[in-house]
There are 2 protein chains.
Amino acid sequence: MKIVNEQIAIDGIDKIILRQLMDDARKPILEIARQVGISGAAIHQRLRKLEKSGLISGSKFIVDPKILGYNTMAFVGIYLDRAMSNPKAVKQLEEIPEVLECHYTTGNWSIFIKILCKNNEHLMHLLNKKIQAIEGVSRTETFISLNQQIERQIQI
Amino acid sequence: MKIVNEQIAIDGIDKIILRQLMDDARKPILEIARQVGISGAAIHQRLRKLEKSGLISGSKFIVDPKILGYNTMAFVGIYLDRAMSNPKAVKQLEEIPEVLECHYTTGNWSIFIKILCKNNEHLMHLLNKKIQAIEGVSRTETFISLNQQIERQIQI
DNA sequence: GATGAAATCATTTACGA
DNA sequence: TCGTAAATGATTTCATC
């Protein structure tokens, strides 16, 4: 495997394979093979290379939360007391299934999270009863996503 | 298909199927069938039902951006001039591949985005030359994710 | 909803160019 | 890195319960 600047070298064919599978993880390898004009076994070999390199870190079915009634996405900046350890708070945030992302960030907030709830009532409950209940959380600042217009992975 | 409160009814078997495929989109249906103890054809039928309901919105290979040298994730709150139309700005943000998410939000910012760059230099270039260059962008506020501790979909 | 059987198609390995 | 070939395994459809 060629290494360039501590990165893997991925060529045009790798890119086509990746783009197709990033768009539809269950697309048959043979279908991609026919499209790019090499054998299925060759695609298979390339995929194993890409997996070994760590570039492909898995595959996922994507579910649409709206179908389950989750209509309100919000972001919450969290202020932690100086005494409170960040990892302890994160562990408690992990227990809240509505928390989809959690970041340790620069700036005023100690922690920044993305949450998904059914409606505003649900959001209020999460904030007041679950997040504020975490030891060390002194204050939160919330803003709601009224509409998500872009959602994608890094382009290959 | 049973409908409960304008939602689909998904039973325990559906949940197992979904959880497994949300974790690994290429897991063979027959393997799941053996695990839950019903036939492959039955799983197949259930998957078609779940797809038709819209709950399954697709599948994706997940790539690890770090392998490609993308090490700096940041969030940017964008202030737009009153005159500037939101959709026009979003269209220009779409042209910037480093923009992974874009939300229209409540609060002080008009637009809130998540971006992924290689390093701080790259981030600065994005902010100064690409994002600030968008017509109507008056000011931005940026904070960097030093570490992402949670990343997941809604739990089924 | 579930099943088994059958046809079609895909994955995976080994080996040689 | 690619291709072919062959074995195994998966998907998909259908008639039926």
Side-chain angles (χ1 to χ4, degrees), chain A residues 1-64 67-69 153 155-156, chain B residues 1-64 67-69 153 155-156:
Chain A
M1 194 186 316
K2 280 181 231 158
I3 305 281
V4 177
N5 281 338
E6 307 197 17
Q7 293 176 206
I8 3 144
I10 58 174
D11 65 11
I13 293 178
D14 290 329
K15 283 187 189 175
I16 296 175
I17 299 169
L18 281 171
R19 286 196 193 120
Q20 303 242 12
L21 290 172
M22 285 170 76
D23 185 58
D24 175 5
R26 283 188 87 93
K27 175 166 283 186
I29 288 176
L30 277 178
E31 204 177 314
I32 302 173
R34 284 187 288 269
Q35 240 175 86
V36 306
I38 65 176
S39 74
I43 304 267
H44 188 248
Q45 249 178 340
R46 281 165 177 269
L47 273 173
R48 287 182 50 76
K49 175 196 74 177
L50 291 168
E51 269 162 22
K52 242 178 59 186
S53 79
L55 179 54
I56 295 174
S57 69
S59 65
K60 299 207 175 311
F61 257 57
I62 309 298
V63 305
D64 182 353
I67 305 293
L68 297 175
Q153 288 191 70
Q155 260 117 311
I156 304 291
Chain B
M1 195 184 318
K2 280 181 230 157
I3 305 281
V4 178
N5 279 339
E6 306 200 18
Q7 295 176 202
I8 1 144
I10 57 175
D11 66 10
I13 293 179
D14 289 329
K15 282 186 191 176
I16 296 175
I17 299 169
L18 280 171
R19 286 195 194 121
Q20 302 242 12
L21 291 172
M22 284 170 77
D23 185 59
D24 175 5
R26 285 189 85 91
K27 177 167 282 186
I29 288 175
L30 277 179
E31 203 178 313
I32 301 173
R34 284 187 289 269
Q35 238 176 90
V36 305
I38 64 176
S39 72
I43 304 265
H44 189 248
Q45 247 178 342
R46 281 165 177 268
L47 273 173
R48 287 181 51 75
K49 175 196 75 178
L50 292 169
E51 270 162 21
K52 242 178 61 188
S53 79
L55 180 54
I56 294 175
S57 69
S59 65
K60 299 208 175 310
F61 258 57
I62 308 298
V63 305
D64 182 351
I67 304 291
L68 297 174
Q153 288 191 69
Q155 260 116 309
I156 304 291

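To find a chain, count down the sequence lines: A is the first, B the second, and so on, and within it residues start at 1. Worth saying up front: this structure is predicted, and the values here are computed from it rather than measured. Only this structure's heavy atoms are used, side chains among them; waters, hydrogens and symmetry mates stay out.
Taking atom NZ of B/K27 as the reference point, atom P of D/dT11 lies 12 Å away to the nearest angstrom. Per the geometry, CZ belonging to B/R34 stands 15 Å off C1' belonging to C/dG4, to the nearest Å. Rounded to an integer number of Å, the gap from CZ of B/R46 to C1' of C/dG1 is 7 Å. Here the C1' atom of nucleotide C/dG1 and the CG atom of B/D14 are 11 Å apart, to the nearest Å. For A/I17 and D/dT1, the CD1 to C1' distance is 12 Å, given to the nearest whole Å. Rounded to an integer number of Å, the gap from CG of A/D11 to C1' of D/dC2 is 12 Å. In this structure, B/K49 places its NZ atom 6 Å from P of C/dG1, rounding to the nearest Å. Atom CG in A/L21 sits about 9 Å away from atom P in C/dT11, given to the nearest Å.
Side-chain proximity of B/S39 to D/dT4, C/dT3, C/dA2: nearest is C/dT3. The A/P28 side chain lies nearest to C/dA10 when the options are C/dA10, D/dC2, C/dT3.
Taking each heavy atom of A/A33 and A/S39 in turn, the nearest pair found is CB-C, 3.8 Å.
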Output, in order, the C-alpha distance, side-chain angles, deciding distance and verdict of side-chain contact (heavy atoms from CB on, under 4.5 Å) for A/R26 and B/L21.
CA-CA 11 Å; A/R26 283 188 87 93; B/L21 291 172; 3.6 Å; yes
Assess the residue pair A/E31 and A/Q20 against the criterion (side chain to side chain donor-acceptor pair (under 3.5 Å)); give the C-alpha distance rounded to whole Å, side-chain angles, the decisive distance to 0.1 Å, and a yes or no.
CA-CA 10 Å; A/E31 204 177 314; A/Q20 303 242 12; over 6 Å; no
Footprint string (nucleotides 12-17 of chain D, 5' to 3'): B base within contact, S backbone only, - free, heavy atoms under 4.0 Å:
SB----
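Distance check: B/L55 CG to B/L47 CG gives 10.5 Å after rounding to the nearest 0.5 Å. Rounded to the nearest 0.5 angstrom, B/I38 CD1 and B/I32 CD1 are separated by 10.0 Å.
A/D14 places a side-chain N or O within 3.5 Å of a backbone atom of A/D11 that can act as its donor or acceptor partner.
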